[in-house]
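Remember, predicted model here, so these are calculated numbers, not experimental data.
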Amino acid sequence: MNHAFRFFMGFQNVPEDINQFLAHVQPEDRDLITKRLRQIKEVPFEKKVVKFSVSGNVRHLKLTLYQSSSTEIPKIIGFAEDYTDEVEFQQNLLRHNAKKNAILNILSHDIAGSFATLRNLADLALGNIKNGDLDPLEGTLSAINDICLSNMSLIRSFLKKEFITSLSVPINLEREDVVKVMRNFLDQFVKMRPQLGIDIRFVTDIPRIFMEIDGDKLIQVMNNLISNSLKFTPRGGTICVSITDLVDKVTISVRDTGIGIPEHMKPQVFSKFNDHKRQGLNNESPNGIGLWAVKTIVEWMGGTIDFESAEGEGSEFILMIPKGPAKVEIPR
C-alpha cells in the first residue's frame with residue numbers, strides 16, 4: 001500500500017494482511033471481494049466499486065486487482081480510483097427522480113379527477129345551451145372556473161417544492177458549447193412568438209463558446225429569467241438574450257422592454273422572502289420562488305447575477321459565469 005493511498009484514506013498503520021484491509025470494506029461489499037479474491041488467478045478483479053471506511057472517512061473506490069506471480073509468494077497488486085463524487089451524484093439524482101415521480105403521480109391522479117368533473121360540467125352547460133335554458137349557465141361556468149383555479153394553485157405548489165428540491169441536486173459540470181445550449185433552449189420561445197406577441201432575440205459575438213457548465217441548471221436559470229420578463233413585458237415588446245465571451249468567463253444578459261422594477265422593490269429582488277410580490281401584466285400569480293433561487297444556482301456555479309431597471313423602461317439581468325469549474329455551497 002503506497003503512501004498516497006494511506007494518506008488519502010487516513011490509515012494510521014499499514015494493514016499487515018488482506019484481512020485487516022478487508023475489515024475497512026463495508027459488510028455488503030466484503031463478501032463479494034473475498035469471493036472474487038479466491039478466483040483472482042483465473043478472473044481478474046476489474047473496476048468494481050466498493051464502499052470503504054477508515055476512521056469515519058467513507059469513500060467509494062473503484063478497485064482493479066490482479067495476482068502477481070513474479071515472486072515466489074503470490075501477491076495481489078492493483079490500484080484504486082476514487083469514485084465517491086460519481087456515486088453520490090447518482091444517488092442524489094435517483095432520490096430527486098423518485099420524488100419527482102411521486103409528485104407527478106399525485107398531480108396526475110388529482111388532475112384526472114378534476115378533468116372528469118370539468119367534462120361533466122361542460123356537458124351540462126352544452127345541454128343547457130341546446131335547450132335554451134341559460135339561467136344555470138352562470139353557476140356552471142363559475143364552478144368550472146373554481147376548479148381550474150384550484151388545480152392551477154395545486155400545480156404551482158408542487159412546482160415550487162420541486163424547484164427548491166432540485167437545488168439539492170449537485171452541480172454536474174460538463175464541457176458544453178453554451179451558445180448551442182442557449183440557442184436550442186430559446187428556439188421554443190421563438191416558435192411561440194405569435195402566441196406571446198413578444199419578439200425574443202438571441203445575440204452573440206462568437207458562434208461557439210465551450211466551457212465547464214451544468215447545462216440543465218443554466219436552462220433552469222434562463223427559463224425563470226425569461227418567464228419573469230414575459231410576465232412584465234406587454235405585447236409588442238422585446239426580450240433580448242445575449243452572450244459575450246470574456247476569455248475566462250462569459251456574460252449572459254436578459255434584457256426586456258417591460259414595465260421595469262419600482263425603486264422600492266429593488267432591495268428585495270433577490271430576497272428569499274420577498275414582501276413585494278406582484279402579479280404579471282396578464283394577472284399571472286407570483287410563483288413564490290422569486291429570483292432568490294436563480295441567484296442561488298448562479299452562485300453555486302461560481303458566478304454572479306446583477307440587474308439594472310427603471311420603471312417604464314424595462315429591466316436587464318446580467319450573469320457572469322466562470323468558464324472553469326467552481327463549486328459553492330448553497331446558502332440555506
Side-chain angles (χ1 to χ4, degrees), residues 152 156 159-160 163 178-207 209 213 215-246 249-299 301 303-321:
M152 287 169 65
R156 287 195 196 98
L159 287 178
K160 175 182 176 181
F163 187 86
V178 69
V179 174
K180 182 179 179 181
V181 170
M182 294 294 294
R183 196 183 301 280
N184 291 341
F185 166 67
L186 290 170
D187 275 349
Q188 61 180 302
F189 290 99
V190 173
K191 292 174 182 176
M192 291 191 295
R193 186 181 298 163
Q195 291 83 8
L196 297 172
I198 296 173
D199 186 19
I200 297 181
R201 304 172 183 173
F202 179 49
V203 179
T204 179
D205 60 350
I206 191 168
I209 302 175
I213 193 76
D216 290 337
K217 293 287 187 187
L218 179 61
I219 287 174
Q220 200 171 13
V221 166
M222 296 306 299
N223 189 52
N224 277 270
L225 289 176
I226 292 174
S227 296
N228 194 63
S229 288
L230 287 171
K231 284 201 300 185
F232 299 107
T233 300
R235 292 182 69 86
T238 301
I239 299 173
C240 181
V241 178
S242 62
I243 302 181
T244 305
D245 189 356
L246 300 177
K249 56 182 173 287
V250 297
T251 298
I252 302 175
S253 164
V254 180
R255 178 167 48 86
D256 63 56
T257 58
I259 61 176
I261 302 172
E263 287 296 325
H264 72 278
M265 295 181 65
K266 290 181 179 179
Q268 293 195 53
V269 162
F270 295 117
S271 297
K272 185 174 183 180
F273 302 105
N274 192 335
D275 298 327
H276 300 294
K277 297 171 184 174
R278 56 177 178 166
Q279 289 186 323
L281 296 180
N282 296 312
N283 297 319
E284 301 97 335
S285 298
N287 58 21
I289 299 169
L291 293 166
W292 161 80
V294 168
K295 184 173 184 287
T296 298
I297 296 175
V298 172
E299 290 179 346
M301 291 191 290
T304 60
I305 181 170
D306 205 349
F307 73 96
E308 297 177 1
S309 183
E311 277 195 89
E313 298 180 13
S315 304
E316 181 179 15
F317 286 85
I318 305 158
L319 286 65
M320 301 281 284
I321 304 177

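In this structure, the separation between CD1 on I305 and CD on E299 is 9.0 Å, given to the nearest 0.5 Å. If you take CG on L291 and CD on Q268, they are separated by 12.5 Å, rounding to the nearest 0.5 Å. Rounded to the nearest 0.5 Å, atoms CD (E311) and CD (E263) are 7.5 Å apart. With rounding to the nearest 0.5 Å, the separation of CZ in R201 from CZ in R255 is 8.5 Å. A distance of 9.5 Å separates CG in D306 from NZ in K295, rounded to the nearest 0.5 Å. Here S229 contributes atom OG and F189 contributes atom CZ; the two are 10.0 Å apart, rounded to the nearest 0.5 Å.
Between R193 and D199, the closest side-chain pair of non-hydrogen atoms falls below 4.5 Å. A heavy-atom distance below 4.5 Å is not found between the side chains of I261 and F232. In this structure, V298 and T304 have side chains that are not in contact, with every pair of non-hydrogen atoms separated by 4.5 Å or more. Two residues are said to be in side-chain contact when any heavy atoms from C-beta on lie closer than 4.5 Å; S242 and I252 fail this criterion. Residues M222 and V241 form a side-chain contact, since some pair of their non-hydrogen atoms from C-beta on lies under 4.5 Å apart. Looking only at side-chain heavy atoms (C-beta outward), I226 and L186 come within less than 4.5 Å of each other. Looking at heavy atoms from C-beta onward, F317 lies in side-chain contact with F307 at the 4.5 angstrom threshold. Residues L218 and M182 have side chains in contact (heavy-atom distance under 4.5 Å, counting atoms from C-beta outward).
Nearest heavy atoms, G260 versus S315: CA-OG, 3.6 Å. I209 approaches I206 most closely through the heavy-atom pair CG1-CG2, 3.1 Å.
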Test log, rule side chain to side chain contact (heavy atoms under 4.5 Å, CB included), inputs I321 and I213: CA-CA 9 Å; I321 304 177; I213 193 76; 3.9 Å; yes

Pair T244-L246, side chain to side chain contact (heavy atoms under 4.5 Å, CB included): steps then yes or no: CA-CA 6 Å; T244 305; L246 300 177; 4.0 Å; yes

Pair D187-F202, side chain to side chain contact (heavy atoms under 4.5 Å, CB included): steps then yes or no: CA-CA 9 Å; D187 275 349; F202 179 49; over 6 Å; no

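For R235 (side chain) and I198 (main-chain N/O), no donor-acceptor pair under 3.5 Å exists by modelled atom type. Looking only at distances, no side-chain donor or acceptor of S253 sits under 3.5 Å from a matching main-chain atom of I318. Checked by atom type and distance alone, the side chain of K249 never pairs as donor or acceptor with a backbone atom of G303 at under 3.5 Å. Side-chain atoms of S309 come within 3.5 Å of backbone atoms of G314 as a donor-acceptor pair (strictly under, hydrogens ignored). Put simply, the side chain of D256 never gets that close to the backbone of T233: no donor and acceptor are under 3.5 Å apart.
The local environment of NZ in K180 is sparse, with at most 12 non-hydrogen atoms from other residues, nucleotides or ligands closer than 6.0 Å.
Among the candidates N224, I219, N223, L225, the single residue satisfying the side-chain contact (heavy atoms from CB on, under 4.5 Å) test with V221 is L225.
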